[in-house]
A.B. asks: 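What follows is a single structure, and I will ask about it in a moment.
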2 protein chains.
Amino acid sequence: MPIPTPAMVTTDCAVFRVSEHKLEVLLIARANAPFAGCWALPGGFLEPDETLAECAARELVEETGVVPDYLEQLASYGDPGRDPRGRTVTIAYLGLKSDTAQSLAAADDAADARWFAVSSLPSLAFDHARIIADALTRLRAKLSYSSIALKLLPAEFPLSALQNVCEAILGHPLDKRNFRKQILGLGVVEDTGRRQRLGQHRPAMLYRAATTRGIQIFR
Amino acid sequence: MPIPTPAMVTTDCAVFRVSEHKLEVLLIARANAPFAGCWALPGGFLEPDETLAECAARELVEETGVVPDYLEQLASYGDPGRDPRGRTVTIAYLGLKSDTAQSLAAADDAADARWFAVSSLPSLAFDHARIIADALTRLRAKLSYSSIALKLLPAEFPLSALQNVCEAILGHPLDKRNFRKQILGLGVVEDTGRRQRLGQHRPAMLYRAATTRGIQIFR
DNA sequence: TAAAGTAAGTGTCGTTCAGACACTTGCAGG
DNA sequence: CCTGCAAGTGTCTGAACGACACTTACTTTA
């Protein structure tokens, strides 16, 4: 048996949020080589005693201060030459952050951390543009057969907010009546009995996820 | 920046075929420690200048002689302690082999290679039982929104063979008329104009995939 | 206190898709 | 020519999907 070549294992997180009707992804400005100063997904090297998911969550918090509301494994990327430092394999995660104001704290390996609209991304380090594209494909697909969109909302929300999130992810408007009919028919949200008074118009009924913890898959 | 800990990166393949109405997965008997003599997925260490997919295909051929007709990345598994030799991360692949008789050639790191019905698997090395379960979930899901089932069939096949494949994967019978109506409506297969005479009954029309190369995704 | 502005909320109809269901056709072997 | 066997074919019913417009409840301003 030949001696196996070790590789460096990293994780990267593509964390999305919806802010003001736009889908955004969280990026850091790299402090160190390679790609110093370049924008990249938050991520870093796997440590000895953590799982892959723990690594992804840890690096994300260290570099951005953002604690994700949802995290799932996306895919792995390990083409030779993807990292000028040597052979690396990254396990990419798809993360979601609910839309509540939160400050960003760039730290560690990051010089800066910012949310970028996915419709106007800067050029990115490594193969991170590809990873974001794959994450978007996954997110859009999963929207139609799971309750994943709820992870982009606070605990209680009006149905119009859920519709906004879906529209921002899909990139096109949805019919309000059909949307409500469908969502309520699925039973993934339940009425809180409370209303939200906000602005100079009719108050909206607040809903919550029918099941806390995790997401539901339909079909 | 702390010095990153290297890990060993491996790939493993869960390759399925349908044989005599049963869904089977390809396993090897491990020749070496750890888990020597135990059944496991074919796989091995990543080499310096190959992609992850190349590694998966290479190890599969080396250990079993099987050349897959389809290979896609499934997921990565890297819990600390999953391998007694030290920290390893494995990138698992889902493979399919079309149902044409082919000899198995155990070699390399494998003492033996055999197809096992997924309904009666032996106990497995590492976390490979989990990987197979995840691969099955993916395969069953993908059956309903892609043309993946065609990769389990030879180039030309009667519709009844396609139905058999789907039934074997799903584990329950399908209605013949509804099945044909749906498949033909999708346009993923086309008539070859030829018939297959086989046994003492009416010859079946042969079909082929409408697109060679890759699989089609619907919806 | 009335009018204007704004987002919330609500129902029907036509089309399409999914699922249940049984008989006829074409060939081989006896 | 009769039997056995898999191939092949159509209809109907209920459910889901998509198009489509007005009323309600509240705030602000005149």
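Computation of the quantities below employed the complete heavy-atom set of this structure, encompassing side-chain atoms and omitting hydrogens, waters and symmetry-equivalent molecules. Proteins come first, then strands; the chains are lettered A, B, ... in the order of their sequence lines, and each starts at number 1. Being a predicted model, the structure only gives us computed values, none of them experimental.
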A.B. asks: State, yes or no, whether a side-chain contact exists between A/Leu60 and A/Leu26 at a heavy-atom distance under 4.5 Å.
C.D. replies: yes
A.B. asks: Using side-chain hydrogen bond (donor to acceptor under 3.5 Å, both in side chains) as the criterion, point out the one residue from B/Thr88, B/Thr10, B/Asp134 that pairs with B/Tyr77.
C.D. replies: B/Asp134
A.B. asks: Of all nucleotides in DNA chain D that come within under 4.0 Å of a heavy atom of chain A, which is furthest toward the 5' end and which toward the 3' end?
C.D. replies: D/dG18 to D/dT28
A.B. asks: Short question: side chain of A/Gln73, backbone of A/Ile91 - any donor-acceptor pair under 3.5 Å?
C.D. replies: no
A.B. asks: Could you tell me if the side chain of B/Phe126 sits less than 4.5 Å from the side chain of B/Arg30, heavy atoms only?
C.D. replies: yes
A.B. asks: Carefully, step by step, assess B/Leu150 and B/Ile215 under the rule side chain to side chain contact (heavy atoms under 4.5 Å, CB included).
C.D. replies: CA-CA 8 Å; B/Leu150 299 178; B/Ile215 63 170; over 6 Å; no
A.B. asks: In residues 193-209 of chain A, what residues come within less than 4.0 Å of DNA chain D, judged by heavy atoms?
C.D. replies: A/Gly199, A/Gln200, A/His201, A/Arg202, A/Pro203
A.B. asks: Do B/Phe35 and B/Leu124 have side chains that get closer than 4.5 Å, going by heavy atoms?
C.D. replies: no
A.B. asks: If we ignore hydrogens and angles and just use 3.5 Å, is the side chain of B/Ser147 paired with the main-chain N or O of B/Gln216 as donor and acceptor?
C.D. replies: yes
A.B. asks: Considering only heavy atoms, which members of residues 156-183 of chain B lie under 4.0 Å from some atom of DNA chain C?
C.D. replies: B/Asp175, B/Arg177, B/Asn178, B/Lys181
A.B. asks: Pull out every residue in residues 184-191 of chain B that has a heavy atom closer than 4.0 Å to any atom of DNA chain D, ordered by number, or say none.
C.D. replies: none
A.B. asks: Under 3.5 Å, side chain of A/Arg138 to main-chain N/O of A/Leu94, donor-acceptor pair present?
C.D. replies: no
A.B. asks: Any side-chain heavy-atom pair from B/Leu184 and B/Val189 closer than 4.5 angstrom?
C.D. replies: yes
A.B. asks: To the closest 0.5 Å, what do you measure between OH (B/Tyr70) and NZ (B/Lys97)?
C.D. replies: 15.5 Å
A.B. asks: May I have the distance from B/Arg219 (atom CZ) to C/dT16 (atom P), rounded to whole angstrom?
C.D. replies: 18 Å
A.B. asks: Pick out the pairs of N or O atoms, protein on one side and nucleotides 1-4 of chain C on the other, that lie under 3.5 Å.
C.D. replies:
none

A.B. asks: State, to 0.1 Å, how close B/Arg82 and B/Asp12 come at their nearest heavy-atom pair, and which atoms those are.
C.D. replies: NH2-OD2, 4.3 Å
A.B. asks: Within the supplied structure, the quantity of interest is the number of heavy atoms (other residues, nucleotides, ligands) at a distance under 6.0 Å from B/Arg130 CZ; does it exceed 12?
C.D. replies: no
A.B. asks: So does A/Arg194 have more than 12 non-hydrogen atoms from other groups sitting under 6.0 Å from CZ?
C.D. replies: no
A.B. asks: Would you say B/Cys166 and B/Phe179 make side-chain contact, with heavy atoms under 4.5 Å?
C.D. replies: yes
A.B. asks: Suppose we screen for salt bridge (Lys or Arg N to Asp or Glu O under 4.0 Å). Which residues come up paired with B/Arg180, at least two apart in sequence or across chains?
C.D. replies: none
